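Structure record follows, encoded as structure tokens.
Along the sequence shown, residues carry numbers from 1. All figures in this text were calculated on a predicted structure; none of them were measured in a lab. Counting starts at 1 for both ligands and their atoms, following the listed order.
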Amino acid sequence: MSDSLLITGASQLLTLRGRGARRGDALSQLGIVPDGAVLVSDGRIAAVGPTNMVEKLAAARKAEKVEVAGRVVLPGFVDSHTHLVHAASRAEEYELKIQGASYEEIAKKGGGILNSVKLLRAATSQQLKRRARAALETFAAYGTTTIEAKSGYGLDVASELKVLSLHKELSAEQPIEIASTFLGAHVVPLEFRGKANGPKEYVKLLTDWLIPEVASNGLAEFCDVFCDRGAFTRGQSKEVLTAGLKHKLIPRLHAEQLSRTGGTQLAVELEAASCDHLEQINRTDIRALAKSDTVATLLPGCDFHLGLKQYAPARKLIEAGAIVALATDYNPGTSPTMSMPMILSLACTQLRMTPAEAITAATINAAYSLGRHNRIGSLEVGKQADLAVFEVEDYREIPYYFGVNTCWLTLKSGSVIYAAA
Ligand code: NIG
Ligand code: FE
């Protein structure tokens, strides 16, 4: 079998060519090649350009051929915020929310994240892996080739390490690359809640025991905190992220989702890779993000699923010059979807991002937030051949269609990981 592959006949080949993260007007520049082709060799991109030029290359002649016949080709989506490993759905809470209970009310009654913690602790690694594997196949079926995955439903030493080890095993056993994040500071677990010093003791467990353990075993690249009302304060978040930094875990942050806590300022101060959610940010936060290299990762799936009206101010962030990314936030409580195309649809209609801006946010900018922009996120010579082909003629039709899957083919490092029936 040939180790090279020639993809020809894309109605639009979105290269996303260019340097680094995109801000402002650069978010709209998709580097489109009409009637485009990609030559893949040994899992990497060997050539990109118009079909009539690429197919003339000597290496192209001996390559296996895939004619995509007028479909759109783009870089595989990079989903930079997921809670991949969890035990079960929380559909019963979904119904309660529809009937009027708020996310925070459910959490106060022991539902919410603590509900998922109880279920995860009781589950075996095998059960968790089976569910995560099925989810990974779905991610691929919607054009995603790399994801970030957070722990945070274990919240004790053994369970957190169990989940982070699963990230590592899953990354090795199936094609989607997983960037692992330690989110021990998701909420204070039940066993630390009764006593006055409980939260303090839990933060100490994280900073003095779990973070060093996670880092020394190479189980995570990033450290995240849910900095919000009902979770961790800005001060506690700083303690955890600073301990992470000491052990070379790069900070990310869940900030200003339910209330404004000053998390965004903290993320910028610590030069976090990403600051996520941002529904409640103000002008000062927007300015701080715009001046920084911290990516503003927007998660409109949460607001959609929770039925909330206040989405993050994407237009203001883009106009101010922040690096905006989009992700699913796949999790059982606030965003049970693996579909980046659905997130693009929400970004367009609810965040008022254009289809081009949304695609840039879901590819190269998300890759930047994971420190992988030199390897993935665009279709350029030398990069990994991670790409998605959609059954549409015009890239705007990717977000335009919603609730249906128009993904036709997904390639990871040049190998097919999903093909529509
Ligand atoms: O990103 N906000 C905190 N964490 C998740 C929700 C987790 C859950 O409800 O299970 C989020 O929205
Ligand atoms: Fe999240």
### Query
Within the structure, does Ser116 bring an N/O atom to less than 3.5 angstrom of an N/O atom in ligand 1?
no

### Summary
Quick note on ligand 1: atoms under 4.0 Å from a heavy atom of Tyr153 include exactly 7 (C), 8 (C), 10 (O)

### Task
Answer with side chain, backbone, both or neither: which part of His86 has a heavy atom less than 4.0 angstrom from an atom of ligand 1?
neither

### Message
Atom NZ of residue position Lys129 - does it have more than 12 heavy atoms of other residues, nucleotides or ligands inside 6.0 Å?
### Response
yes

### Task
Specify the protein heavy atom at minimum distance from atom 2 (N) of ligand 1: its residue, its atom name, and the distance to 0.1 Å.
Gln257 OE1, 2.8 Å

### Message
Give the atom numbers and elements of ligand 1 that come within less than 4.0 Å of a heavy atom of Thr334.
### Response
6 (C), 9 (O), 11 (C), 12 (O)

#### Entry: 4.0 Å heavy-atom contact, His81 with ligand 1
yes

### Query
Do we see a donor-acceptor contact under 3.5 Å between the side chains of Asp276 and His254?
no

### Message
Checking a contact table here: which protein heavy atom is nearest atom 6 (C) of ligand 1, and how many Å away?
### Response
Tyr103 OH, 3.3 Å

### Query
For ligand 1, which atoms, with element, lie under 4.0 Å from some heavy atom of His254?
1 (O), 2 (N), 3 (C), 4 (N)

### Message
I need the atoms of ligand 1 closer than 4.0 Å to a non-hydrogen atom of Phe226, numbered in the order shown.
### Response
2 (N), 3 (C)

### Query
Is there a donor-acceptor contact under 3.5 Å linking the side chains of Glu148 and Thr181?
yes

### Query
Quick check: are there more than 12 heavy atoms from other residues, nucleotides or ligands sitting under 6.0 Å from CD of Gln126?
no

Between side-chain atoms of residues 25-34 and protein atoms elsewhere (two or more places apart, or another chain), which donor-acceptor pairs fall under 3.5 Å?
none

### Message
Main chain of Ser102, side chain of Glu105: is a donor-acceptor contact present, judged purely on distance under 3.5 Å?
### Response
yes

### Query
Where the side chain of Asp79 meets the backbone of Thr328, is there a donor-acceptor pair that is under 3.5 Å apart?
yes

### Summary
d(Leu164 CG, Leu219 CG) to nearest 0.5 Å is 5.5 Å

#### Entry: Close-contact set for ligand 1 against Arg90 heavy atoms, below 4.0 Å
8 (C), 9 (O), 10 (O)

### Summary
protein heavy-atom neighbour closest to atom 11 (C) of ligand 1 works out as Asp329 OD2, 3.1 Å

### Task
Hey, could you give me each pair passing side chain to side chain donor-acceptor pair (under 3.5 Å) that has a residue in residues 341-350? Not counting sequence neighbours.
none

### Message
Checking a contact table here: which protein heavy atom is nearest atom 4 (N) of ligand 1, and how many Å away?
### Response
His186 NE2, 2.9 Å

### Query
Excluding sequence neighbours, so at least two apart, what forms ring-ring contact (aromatic ring centres under 6.0 Å, His included) with Tyr311?
none

### Task
With the Fe ion (ligand 2) as the centre, enumerate protein N/O/S atoms below 2.8 Å in chain and residue order.
His81 NE2, His83 NE2, His254 NE2, Asp329 OD1

### Task
Take atom CD of Glu95 as the centre, draw a 6.0 Å sphere, and report whether it contains more than 12 heavy atoms from other residues, nucleotides or ligands.
no

### SB check Glu357 Arg22 (cutoff 4.0 Å)
no

